[in-house]
Each structure stands twice: as structure tokens, then as C-alpha cells.
Amino acid sequence: MINNLREEIRYHEYRYYVLDSPEISDAEYDQLMKKLERLEKENPELITVDSPTQRVGGEPLESFAKVEHSTPMLSLSNAFNDGELRDFANRVYKLAGTREIEFIVEHKIDGLSAILTYERGRYVQGATRGNGIIGEDVTENIRTIRSLPLRLKKDVNLELRGEVYIAKGDFEKINEQRLDRDEEPFANPRNAAAGSIRQLDPRIAAERSLSILVYDLLSYDLEGIDTHSQALNFLIEQGFKVNWHQKCDNIDEVIELCKQWTEERDKLPFEIDGIVIKVNNLALRQELGSTAKSPRWAIAFKFPAQLKTTVIKDIIISVGRTGALTPTALLQAVEIAGSTVSRATLHNEDEIKRKDIRIGDHVLIKKAGDVIPKVVKVIKNKRNGSERIFQMPDSCPVCGGEVAREGDEAVHRCTNVTSCPAQRREGIIHFVSRNAMNIDGVGPALIDQLLDRDLIEDYADLYGLNKDMLLPLDRIGEKSAANVIEAIQMSKQRSLHRLIFALGIRHVGAGVGRVLTEHYHSISNLSRATQEELEQIDEIGPVIAASIVYFFKEIRNQRVIDKLRAAGVKMEEKKVVDNQEKPLQDKKFVFTGGLEKYTRNEAKELVLSAGGKVTSSLSKNTDYLVVGDNPGSKFEKASELGVEILNEEGFDELLGL
DNA sequence: GACCCTCGAGGTCC
DNA sequence: CTCGAGGGTC
């Protein structure tokens with residue numbers, strides 16, 4: 001009875017939200033919902049998570065959990081003109097040989113992408129893209145999107161991708177409402193959607209009229225699905241609202257469609273910033289594969305950016321972590337593509353000379369990718385003679401140190417490496433940043449205060465801070481002081497590749513940090529490495545090698561490292577497993593409860609380095625559940641699913657520790 | 001040519 | 001968080 005009612009409601013939601021053609025009036029629908037709510041209230045034991053009444057979850061979350069994607073979510077490479085579209089097609093044709101190629105053309109909706117997981121036909125998880133590897137668990141917020149089926153026609157396991165957005169009409173309504181409530185209106189639908197999805201309170205997210213269009217099916221082990229268009233049709237059958245798509249037999253048809261939508265984009269009820277072109281054949285997609293950044297079987301045609309004119313009021317210089325002096329144009333503020341632009345980077349002196357940019361010039365600007373402001377060119381006939389030619393300073397605007405341009409580098413640098421306050425400041429900001437030591441709660445504002453009050457000189461001094469030293473600072477209370485100290489202490493256990501990256505050696509970023517970790521396993525080994533030795537390593541050439549040797553030769557750097565060591569920062573890492581054989585290749589791990597020897601992150605890194613994967617939610621695809629103290633509900637669920645359960649000892653054994 | 005490093009703008013929520 | 005440019009290295 002109650003199930004029939006739910007089915008009926010689901011059907012009408014589908015008619016209304018997915019097909020846009022309701023069969024009953026809103027009032028009739030409301031009555032059905034009220035009836036279901038009453039029944040569930042009277043019989044709470046009958047409530048299911050996929051009931052239409054359960055879209056808006058209960059309490060706000062404390063924070064979002066991290067989700068590691070089963071497949072990294074790459075971004076698409078871009079094409080800005082016909083030529084680049086043809087280049088793309090030619091690369092595909094080359095690999096396909098004599099095979100016929102079909103392309104599928106879709107709208108590139110300007111929202112944020114989401115990864116949805118269904119288990120046995122039930123919606124179980126929604127996540128943001130994040131950095132492509134790890135995203136945030138926004139299951140409850142996505143559940144509030146009315147067109148999203150909580151239950152599919154078939155009891156299948158699915159992983160799929162879609163775009164969450166706010167339709168233009170909904171966006172205007174939201175902003176009217178915000179104005180009525182004396183709140184600031186949102187700048188544009190994309191930012192509003194991005195902000196809404198990151199709301200901890202699903203009730204607020206529910207009020208933001210989010211929509212979702214699905215555009216990719218990830219689990220392709222489904223029988224009878226060989227092409228992308230079949231996958232999309234399957235998703236339509238399962239009740240999803242699927243992105244518009246059209247098949248093309250050759251690239252000329254694709255180009256024609258791109259032209260058409262460039263003209264007609266405004267007719268759509270949502271914003272699009274381009275057209276996506278995908279190879280239809282899934283087997284061929286597999287063959288084409290991906291580069292580190294993007295799949296080779298798809299490309300995004302980006303619409304030409306909107307141009308505006310404005311005036312360069314001034315050019316200022318900022319000094320980066322490496323001493324680089326970067327000129328930035330201060331602009332007369334203008335609205336462009338949904339935001340106010342008042343600055344644009346000019347990158348370096350050559351760029352300024354190339355474009356002959358002067359202070360006071362009228363310039364044409366655009367937003368690259370509809371995001372990054374860029375000076376396109378100077379409107380020279382608007383000059384009146386009052387414009388001033390910009391000169392790179394010959395002394396550092398922050399410390400007065402000498403400025404030099406080394407070799408044939410494009411950048412000017414402050415040569416006062418050891419004591420330029422700007423370089424020190426940026427170096428510390430880098431040290432605590434997300435991909436480095438990831439010290440939460442320590443940001444530019446706090447670092448400025450610490451430097452101003454001489455509480456720290458370099459990043460190693462962070463470890464000498466205590467709560468009492470923080471309390472007198474602005475905007476710091478008991479609680480946040482304790483959190484900061486805790487975060488600093490926790491960071492001592494970060495993995496070696498993060499530390500190496502955090503040190504701020506020039507040319508050594510996150511990637512090179514990992515390579516060096518694999519070869520040296522400790523800071524002391526690395527500090528003794530010679531130029532020749534380093535150059536032997538794949539991916540390390542003379543420039544990077546010299547930079548590393550130079551860094552460790554500097555007395556000042558040696559002192560900082562000694563301080564880090566004395567503070568107890570972890571400086572070595574066991575060789576985990578021989579890289580040749582990864583015993584846990586692609587095995588999926590889930591953790592529950594606290595482990596004794598490792599933090600969650602350390603345990604995770606151990607699994608990763610042995611070739612395994614870590615996910616946050618259990619499914620029948622999970623290989624091992626590692627159980628620590630006070631395990632959660634996953635423990636029971638694992639036995640139900642028949643997932644192998646390990647305690648900490650078993651975990652060690654499996655990893656050969 | 002692929003990839004990496006460094007630097008950047010603007011909006012939103014925590 | 002979103003997006004990206006420029007210029008470097010390999």
C-alpha cells in the first residue's frame with residue numbers, strides 16, 4: 001500500500017521534473033505527498049531512505065567527508081576554433097584506422113560536476129569532483145534535487161557523472177528572494193550552485209533549486225552497452241534527466257553544431273560555456289585512453305569569451321615565494337561574464353612589452369575560460385599622450401633587495417633569497433598549504449600576525465608555537481588556538497613527499513617530490529645527493545638537480561631543516577613495497593574505527609603505495625574492511641556483503657609489515 | 001609535445 | 001572552491 005503510493009509519487013515527480021510534462025496538478029501532487037507523510041508519521045518503521053519524503057535530510061553536517069573517486073575525474077582539453085576541432089578528430093581517426101567514427105555532441109553546462117553512485121538501484125552517494133582524485137561527499141545535498149531518481153527501474157550498481165547547476169529562471173528567483181531578505185545577491189548561477197552544494201545544511205541546499213543533468217555512465221560492464229549513446233539511453237530508461245546529445249558522423253557536422261550553439265546558447269534555460277564532443281564507441285575510447293590531465297576521446301569546444309573595454313589605472317608588483325616579481329594591472333572595475341573584474345595579471349615584463357601596455361591605456365579584456373581576467377590588447381587610438389610606460393623596478397618593492405633577470409628567464413627576481421619578508425611569507429604560506437603540509441587553520445592572515453610579532457621567522461618555527469603565544473592575536477580564541485596547535489602537531493607525521501614539496505625548493509613541486517621520495521626515502525639521504533646522482537633519475541634533469549643541491553648547500557636551509565628535525569617532524573619513510581610487484585594492485589580498502597599505529601591518512605598512504613585503493617563507503621566491490629577501535633556500522637554491513645574483514649594485525653600482515 | 005611548476009582572479013561558505 | 005596562462009623542464 002505505502003509502496004504503491006511511493007511509486008505513484010515517484011512517477012509524478014518523474015513526469016514533472018524529468019519530462020517536464022506533469023499529468024496532475026501541483027495541488028493533487030501535494031495531496032499525495034501529504035498522504036505519504038501522514039502514513040510514514042503513523043508508521044515510522046516503514047520509512048525508507050529512498051522514499052520521496054526523505055529528500056531533505058535531517059540535521060546539518062559537521063563537515064563533508066572526503067571521497068576518493070574510483071576513476072580519477074579528469075578535465076577536458078579545450079578547442080577554441082575549427083582547426084583545433086579538426087586536430088582532435090585527426091588524432092582520433094589516426095588511431096581508429098579504417099573504423100567508422102561517430103561523435104556525440106553535448107552541451108557543456110556551466111555548473112559543477114558530480115559523481116553519483118547507485119547500489120542495487122538505490123542512490124547511495126553523491127560527490128563533487130574536487131581535485132579530480134578526491135572530492136567531497138555531498139550525498140545529502142544532491143539528494144534534494146527533485147529530478148534525481150532515488151531508486152532506479154533496475155536494481156543495478158551504477159556510477160555516473162552529471163552536472164549540477166541552477167537554471168537561469170531559478171537563479172533570478174533566488175536573487176529576488178535574497179534581495180527581499182536584504183541579503184547579497186549571487187554573482188552568477190555557477191558560483192551560486194557551487195556555494196549551494198557546499199552547504200552543510202541540506203535544508204538550505206534544498207531551497208536553492210539545484211538541477212542536475214546526467215552525461216556519463218562509468219560502469220560499462222552492462223550488457224548490450226557498446227556506445228555512449230546507448231549508455232545515455234539506458235540512463236533515460238532508468239529515470240534520469242539526461243543531457244541533450246546528438247550524433248554526428250563526421251567533424252564537419254560537429255563544427256556546424258558548434259557554430260549553431262554559439263548563436264543559440266542564450267535560448268537554453270541554463271548557461272552553457274561550450275560544447276562537448278565525445279567519441280561514441282566505448283571500446284575505441286578505451287584504446288584512446290587519457291593523458292595525465294584529460295581523456296583523448298573527448299574535447300570541449302569553448303565559446304569565444306565576451307570582450308569589454310576598461311582602463312589600466314596602475315600596475316603593481318607582487319613578490320612570490322621564489323622571489324618572482326609579478327606585475328598586475330589594476331583596472332577600472334567592469335562587469336564581465338557575471339563578475340566584477342578589477343585586476344588582471346600581466347605575468348612578466350616581456351608580456352607587457354609585447355602588448356605595449358601602458359598605465360592609463362584603454363584595453364580590451366576578457367575572461368579566459370569565463371574565469372580568469374586577461375588583457376587581450378591595447379586600444380591604441382584611445383591614447384592621449386598621458387599614458388605612462390611601465391618599468392620593472394630594479395629593487396624589490398618589499399625589501400629593497402637587488403632585482404635581477406637570470407639567463408634568459410622571463411621573470412625578474414628579488415635576489416635577497418634569505419631575508420626578503422615577502423619570500424619568507426609566501427614560503428610559509430606554501431609550507432602549510434593543502435598539497436604541502438596541509439596545516440588547517442594557518443593561513444595568510446595568521447602568518448602575517450606571527451611574522452609581525454616576531455613569533456616566527458621561518459616555517460620551522462611553527463612547531464615551536466604554543467597556545468599562549470597565539471591567544472593575544474586578533475581573531476584567535478581558546479578554541480581556534482587549540483585547533484591550530486593541534487593541526488601543527490599533526491602535520492609532523494605527513495608523508496615525506498609532502499615535506500619535500502613543502503620545503504619550497506625551486507622546480508620541486510608535488511610531482512618531483514614524489515619521485516625524490518621514491519629514490520631517497522629520507523631528507524638526510526636527499527641532502528647528500530650529488531648533481532650527477534640526481535640526474536640519473538628519470539624525470540630529473542640538470543636544472544632540477546642543481547636546484548636541489550643548491551638548496552641543501554645553503555647554511556640557512558640546513559638550519560631550518562635541523563629545526564624541523566628537532567621538532568620531531570618525520571623525515572624518512574620506510575621503503576614500503578617493491579614497486580615492481582604491487583601485491584594489492586587495485587584492491588579496494590575501507591576503514592572503520594581508529595587504528596593504533598597509524599592515523600587514517602598514514603594507513604591510506606600505505607595502501608596506495610602498495611597499489612591498492614581506499615574508498616569511504618562499502619560496496620560489494622570492496623575487498624577489505626579494516627576494523628579498528630569503535631568501528632561504525634560498516635562492520636555489520638561488511639559481513640552482509642561478504643567483504644573480508646581485517647583487524648590491524650591482519651592489515652600489517654597483508655602489507656608485509 | 002607532455003608534463004610540471006609557479007602565479008593568479010573572483011565568489012562563496014566555513 | 002572554480003577556472004587558467006606562461007613558461008619552464010624533460
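Chain letters run A, B, ... following the sequence lines, proteins first and then strands; every chain starts at 1.
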Intra- and inter-strand pairing of DNA chain B, written as dot-bracket with Watson-Crick and G-U pairs under 3.5 Å and | for the latter, reads ||||||||||....
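- Salt bridge A:R265/A:E271: absent, no basic N to carboxylate O contact under 4.0 Å.
- Atom CZ in A:R514 sits about 14 Å away from atom C1' in B:dC4, given to the nearest Å.
- Listed pair A:R506 / C:dT9 fails the phosphate criterion, with no side-chain N or O lying under 4.0 Å from OP1 or OP2.
- Checking B:dT12, C:dC3, B:dC5 against every side-chain atom of A:V512, the shortest atom distance belongs to B:dC5.
- Remark: A:K302 is not in phosphate contact with C:dC3, judged by side-chain N or O atoms under 4.0 Å from OP1 or OP2.
- Of the candidate nucleotides C:dA5, B:dC7, C:dG8, B:dC7 has the atom lying nearest to any side-chain atom of A:T322.
- In this structure, the side chain of A:Q423 engages the main chain of A:C414 through a donor-acceptor pair within 3.5 Å.
- When heavy atoms are screened at a 4.0 angstrom cut-off, A:E136 is found touching no nucleic acid atom at all.
- At the phosphate of B:dT12, neither OP1 nor OP2 sits under 4.0 Å from any side-chain N or O atom of A:Q199.
- Scanning all heavy atoms of the two residues, the minimum distance from A:P327 to A:L325 falls at CD-O, 3.7 Å.
- Of the side-chain N and O atoms in A:N348, one or more sit less than 4.0 angstrom from OP1 or OP2 of C:dG7.
- What separates CG of A:N438 from P of C:dC1 is a distance of 10 Å, to the nearest Å.
- Using a 4.0 Å heavy-atom distance criterion, A:N78 is classed as a sugar-phosphate-only contact.
- Here A:R434 reaches the OP1 or OP2 of C:dC1: one of its side-chain N or O atoms lies under 4.0 Å away.
- In this structure, A:T345 does not reach the C:dA5 phosphate: none of its side-chain N or O atoms is under 4.0 Å from OP1 or OP2.
- A:K367 and A:S339 share a side-chain donor-acceptor pair at under 3.5 Å.
- Taking the side chain of A:L200 as heavy atoms from C-beta on, and the options B:dC14, B:dC13, C:dT9, the nearest nucleotide is B:dC14.
- For A:V371, the listed nucleotide lying nearest its side chain is B:dA9; candidates were B:dC13, B:dG11, B:dA9.
- Atom pair A:D370:CG and C:dC1:P shows a separation of 21 Å (rounding to whole Å applied).
- Both A:A329 and A:H430 lie near DNA chain B, and the one whose nearest nucleotide falls closer to the 5' end is A:H430.
- Regarding A:I357, its CD1 atom lies at a distance of 16 Å from the P atom of C:dA5, rounded to whole Å.
- For A:R343, a side-chain nitrogen or oxygen approaches OP1 or OP2 of B:dA9 to under 4.0 Å.
- Side-chain proximity of A:S342 to the nucleotides B:dT12, C:dG7, B:dG10 is greatest for B:dG10.
- Formation of a donor-acceptor pair under 3.5 Å by the A:T262 side chain with backbone atoms of A:C258 is found in this model.
- A donor-acceptor distance shorter than 3.5 angstrom exists from the side chain of A:R405 to the backbone of A:E409, with no hydrogens or angles considered.
- Side-chain contact, A:Y550 with A:Q531: no donor N or O sits under 3.5 Å from an acceptor N or O.
- One finds a side-chain N or O of A:R208 lying less than 4.0 angstrom from the OP1 or OP2 phosphate oxygen of B:dC13.
- In this structure, the nucleotide among C:dA5, B:dT6, C:dG7 sitting nearest to the side chain of A:H347 is C:dA5.
- Between A:K374 and C:dC3, a side-chain N or O to OP1/OP2 separation shorter than 4.0 Å is absent.
- To the nearest angstrom, C1' of B:dT6 lies 17 Å from NE2 of A:H412.
- Each of B:dC7, C:dC1, B:dA9 was ranked by its minimum atom distance to the side chain of A:T326; first place goes to B:dC7.
- Checked against C:dC1, B:dA9, C:dG8, the side chain of A:H507 finds its nearest nucleotide in C:dG8.
- A:F431 pairs by the ring pair (Phe, Tyr, Trp, His ring centres under 6.0 Å) definition with A:Y459, not counting sequence neighbours.
- Atoms NZ (A:K366) and C1' (B:dG10) sit 17 Å apart, rounded to a whole Å.
- Taking side-chain N and O atoms only, A:S196 has no distance below 4.0 Å to OP1 or OP2 of B:dC13.
- Nucleic acid contact class of A:S75 (heavy atoms, under 4.0 Å, all strands): none.
- The residue A:A194 sits apart from the nucleic acid: no heavy atom pair falls under 4.0 Å.
- Computed from coordinates, the A:D110 CG to C:dT2 P distance equals 13 Å when rounded to whole Å.
- Ranking C:dT9, C:dG4, C:dG6 by closeness to the A:A368 side chain, first place goes to C:dG4.
- Taking the charged nitrogens against the carboxylate oxygens, A:E351 and A:K355 do have a contact shorter than 4.0 Å, which makes a salt bridge.
- Remark: side-chain polar atoms of A:H497 are not paired, donor with acceptor, to backbone N or O of A:V512 under 3.5 angstrom.
- Among the protein residues, A:R91 comes within range of no part of the nucleic acid, since none of its heavy atoms lies under 4.0 Å from any strand.
- Rounded to whole Å, atom P of C:dT9 lies 16 Å from atom CG of A:L534.
- Between A:R321 and the phosphate of B:dT6, there is a side-chain N or O to OP1/OP2 separation shorter than 4.0 Å.
- Looking at heavy-atom distances under 4.0 Å, A:S318 makes contact with sugar-phosphate atoms alone, never a base.
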